Structure formats: C-alpha cells, structure tokens
Amino acid sequence: MNDKELRALIERMIAEVAGQAPTPQVKGSDYYPMEPQGVTRPAARNIDPAAAIPDITQTDLRRQYLVDNPRNGRAFLDLKQKTPARIGLGRAGARYKTATMLRFRADHAAAQDSCFSMVDEAFVKKGGFVPVQTLCKDKDEYLTRPDKGRRFDEANQAIIRQTLGQKPRVALVVGDGLSSAAIEANALDCLEAIRGGLKAYGLEVGPALFVKFCRVGASDHIGDLTGAEVVCMLVGERPGLVTAESMSAYLTYQPHIGIPESKRTVVSNIHRQGTTAVEAGAHIAELIHTMLEKKASGIDLKL
C-alpha cells in the first residue's frame with residue numbers, strides 16, 4: 001500500500017467514525033478520498049483530500065460515549081459530564097476503537113506542538129510586553145536545563161530593572177513556560193482582568209515583562225533585581241491530553257532566590273475548560289490585594 005492509498009483509507013475510517021459513511025469493505029478499487037455528503041466526486045486531479053477530513057479534536061470528550069449496547073449508557077454519559085477523563089471508550093476486541101486512538105494521537109500531537117513551539121513575536125508586540133530572555137539559548141537547552149530558565153544575564157537584568165523600577169508594589173510577568181498555546185490563549189484576557197481588579201483597589205501597575213524560556217523560579221531573580229513586593233507570573237503549564245492551553249499564575253510575596261516553593265500562591269487550570277482567563281484574573285487581583293495587606297503568600301497567607 002503506497003502513501004496515497006494509506007491516506008485514502010485513513011480518511012474513510014475517520015469519515016465512518018464521524019458518522020459520514022458506513023464502514024466499508026475495503027477493496028483495491030475503494031482507495032479514493034471521501035467527499036462531503038452531497039458533493040459529486042470530481043476528476044481525481046481536482047480532489048482536495050483535506051476538505052473531507054473532520055477535526056476530531058473539536059469533539060467534547062465529556063459528551064462522547066463509545067460503549068456499544070450499554071446497560072445504562074445515559075447514567076454513564078451524565079457521569080462523564082463531570083470529568084474530561086477518557087472513560088466510556090468502548091473497545092474493538094481487545095483494542096481501543098479507531099476514534100479513541102485517533103483522538104489520543106491528535107491530543108498528544110497538540111501537546112507536543114505546544115511544548116516545542118515558541119510564542120509568536122506578534123503576540124508579544126500586541127500585548128505591549130517588554131521582552132527578556134533567561135540564560136537558555138534555545139528550546140532544547142530550556143527543556144534540559146531548568147536551572148538556566150530561572151536566571152538572567154547582565155543585559156537582561158538591566159532591562160528588567162529599567163522596566164519595573166525599584167521596589168514596585170506589584171510586578172506583572174508573563175512567561176512562555178512549557179506551553180506557548182496556553183499563553184496565547186489566555187494571557188491577554190487574564191492580564192486585562194488583573195489590571196482592572198488592581199485599579200479598583202487603587203493599585204496602578206507598570207509594563208509587564210515577557211520572559212522567553214521561562215521557569216517559575218525566574219520570578220525569584222526578578223524579585224532580587226527589583227525588590228518587588230509581589231511578583232505575579234503567568235506561565236504556560238506542561239501540556240497534557242485534556243488540553244494544551246492550561247496556564248497558571250504564581251504569586252509570591254517578596255520573592256528572592258532560594259525562597260521555598262511553599263511561599264507561593266498558585267492559581268492553576270486557567271483555560272476555557274477550567275477557570276476562564278477573565279475569572280482567574282479577577283481572583284488573582286483579589287489575592288494580590290490580600291497579600292499586600294497581610295504581607296504574606298503561600299502557606300503563610302491566612303485567607
């Protein structure tokens with residue numbers, strides 16, 4: 001079977017999973033791309049194969065139940081509404097169904113893409129961020145040397161000091177982290193809500209930094225460089241199979257190099273299927289206000 005025949009076969013399988021065609025008894029003469037319903041098949045040279053492939057990642061896993069002839073499928077489907085876990089998948093003999101395997105591969109690919117890709121420079125400009133970079137020279141070094149993702153060279157240290165000034169009450173930082181998709185999907189809306197919430201408390205915040213090749217510990221170096229009272233860092237989290245767009249906020253009172261992780265307050269799972277960016281931003285602004293009042297964060301913060 002050549003590449004063209006294999007592609008055509010996969011397209012037919014996807015179409016069957018999506019309910020667009022019956023399961024075919026595949027023969028040599030059947031190797032041609034599927035067309036959308038109601039479309040007459042043109043000459044082979046005019047076919048656009050991509051037009052017939054549905055995007056299986058658009059299916060909400062909470063609403064997908066693939067068990068054949070279930071005893072109580074309605075109750076199980078109601079249960080699935082409470083979790084994106086891959087349950088109720090059904091099986092084909094001893095194996096997963098085609099739909100399950102294709103979705104797993106698609107979600108895994110999205111997670112890898114997000115982890116290895118960069119935040120678009122146009123996004124950084126659009127957000128009005130001041131860009132800086134940790135000691136990491138490229139993505140490979142970032143993934144293999146977490147320690148370098150927590151520190152800055154002298155040139156970037158100077159930019160940080162100039163941007164944030166000395167002893168700001170609140171320093172806002174956005175770091176690419178392990179998911180560029182999370183930042184591009186959530187950071188701008190979340191920051192806007194944070195600024196709006198802080199303004200309601202009478203707190204004006206200066207420009208935000210964008211840190212390339214960023215680890216959470218970079219906020220500690222920023223604290224040492226500026227003497228910031230609170231550093232709020234939005235960072236892309238390690239992508240998983242549920243979503244590649246999960247962002248977290250790490251809030252630290254008087255951060256400095258060597259501060260224990262227990263001193264951080266974290267707002268996690270910021271994405272469209274979890275806590276939305278705007279809702280998280282409002283909550284973060286309230287937390288920052290409380291930290292400034294009580295002069296504490298992490299386990300020291302008594303809410």
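As the structure is a prediction and not an experimental result, all values here were calculated from the model. When a residue number appears, it is its place in the shown sequence, counting from 1.
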**Student:** Not counting sequence neighbours, list each pair that qualifies as a salt bridge (Lys or Arg N to Asp or Glu O under 4.0 Å) and has a residue in residues 213-225.
**Tutor:** Asp220-Arg264

**Student:** Is the CD atom of Glu121 crowded by more than 12 outside heavy atoms at less than 6.0 Å?
**Tutor:** no

**Student:** Counting N and O atoms only, with roles assigned by atom type, does the side chain of Thr144 sit under 3.5 Å from a partner on the main chain of Asp140, one being a donor and the other an acceptor?
**Tutor:** yes

**Student:** Is it the case that more than 12 heavy atoms not belonging to Gln162 sit under 6.0 Å from its CD atom?
**Tutor:** no

**Student:** Show me, pair by pair, the donor-acceptor contacts under 3.5 angstrom made by side chains of residues 189-198, not counting sequence neighbours?
**Tutor:**
unit_1	atom_1	unit_2	atom_2	d
Arg195	NH1	Val205	O	3.1
Arg195	NH1	Gly206	O	3.2
Arg195	NH2	Gly206	O	3.1

**Student:** Ignoring hydrogens, what is the shortest heavy-atom contact between Val119 and Phe210? Give both atom names and the distance.
**Tutor:** CB-CZ, 3.8 Å

**Student:** Using 0.5 Å steps for rounding, measure from the NE2 atom of His221 to the CD1 atom of Ile257.
**Tutor:** 4.5 Å

**Student:** How many angstroms lie between CD1 in Ile284 and CD in Glu286, if you round to the nearest 0.5 Å?
**Tutor:** 11.5 Å

**Student:** Are there more than 12 heavy atoms of other residues, nucleotides or ligands under 6.0 Å from atom OH of Tyr96?
**Tutor:** no

**Student:** Whether the side chain of Gln133 engages the backbone of Cys136 through a donor-acceptor N/O pair (distance < 3.5 Å, no angle test) should be reported.
**Tutor:** yes

**Student:** Do the side chains of Leu209 and Phe213 join up, straight or via other hydrophobic residues, at under 4.5 Å, putting them in one cluster?
**Tutor:** no

**Student:** Is the backbone of Glu229 close enough, under 3.5 Å, to the side chain of Gln254 for a donor and an acceptor to pair up by distance?
**Tutor:** no

**Student:** Within the structure provided, determine whether Ile288 and Cys232 are in side-chain contact (heavy-atom separation under 4.5 Å).
**Tutor:** yes

**Student:** Show the atom names and distances, to 0.1 Å, of all donor-acceptor pairs under 3.5 Å that link a side chain in residues 179-187 to residues at least two apart or in another chain.
**Tutor:**
unit_1	atom_1	unit_2	atom_2	d
Ser179	OG	Ser114	OG	2.7
Ser179	OG	Ala182	N	3.1
Ser179	OG	Ala244	O	2.6
Ser180	OG	Ser114	O	3.3
Ser180	OG	Ser117	OG	2.6
Glu184	OE2	Asp120	N	2.8
Asn186	ND2	Ala182	O	2.9
Asn186	ND2	Glu245	O	2.8
Asn186	ND2	Ile270	O	3.4

**Student:** Flag yes if Leu292 and Leu301 sit in one hydrophobic cluster, no otherwise; membership is Ile, Leu, Val, Met, Phe, Trp, Tyr, and two members link when side-chain heavy atoms are under 4.5 Å apart.
**Tutor:** yes

**Student:** Short question: side chain of Ser219, backbone of Val216 - any donor-acceptor pair under 3.5 Å?
**Tutor:** yes

**Student:** Quick check: are there more than 12 heavy atoms from other residues, nucleotides or ligands sitting under 6.0 Å from OH of Tyr201?
**Tutor:** yes

**Student:** Look only at the side chain of Tyr142 and the backbone of Cys214, and say whether a donor-acceptor pair between them is shorter than 3.5 Å.
**Tutor:** yes

**Student:** Quick one about Glu237 and Ser248 (side-chain donor to acceptor, distance below 3.5 Å, no hydrogens or angles considered), yes or no?
**Tutor:** yes

**Student:** Is it true that atom CZ of Arg105 has more than 12 heavy atoms of other residues, nucleotides or ligands lying nearer than 6.0 Å?
**Tutor:** no

**Student:** Using a 4.5 Å cut-off on heavy atoms from C-beta on, say whether the side chain of Lys199 contacts that of Glu204.
**Tutor:** yes

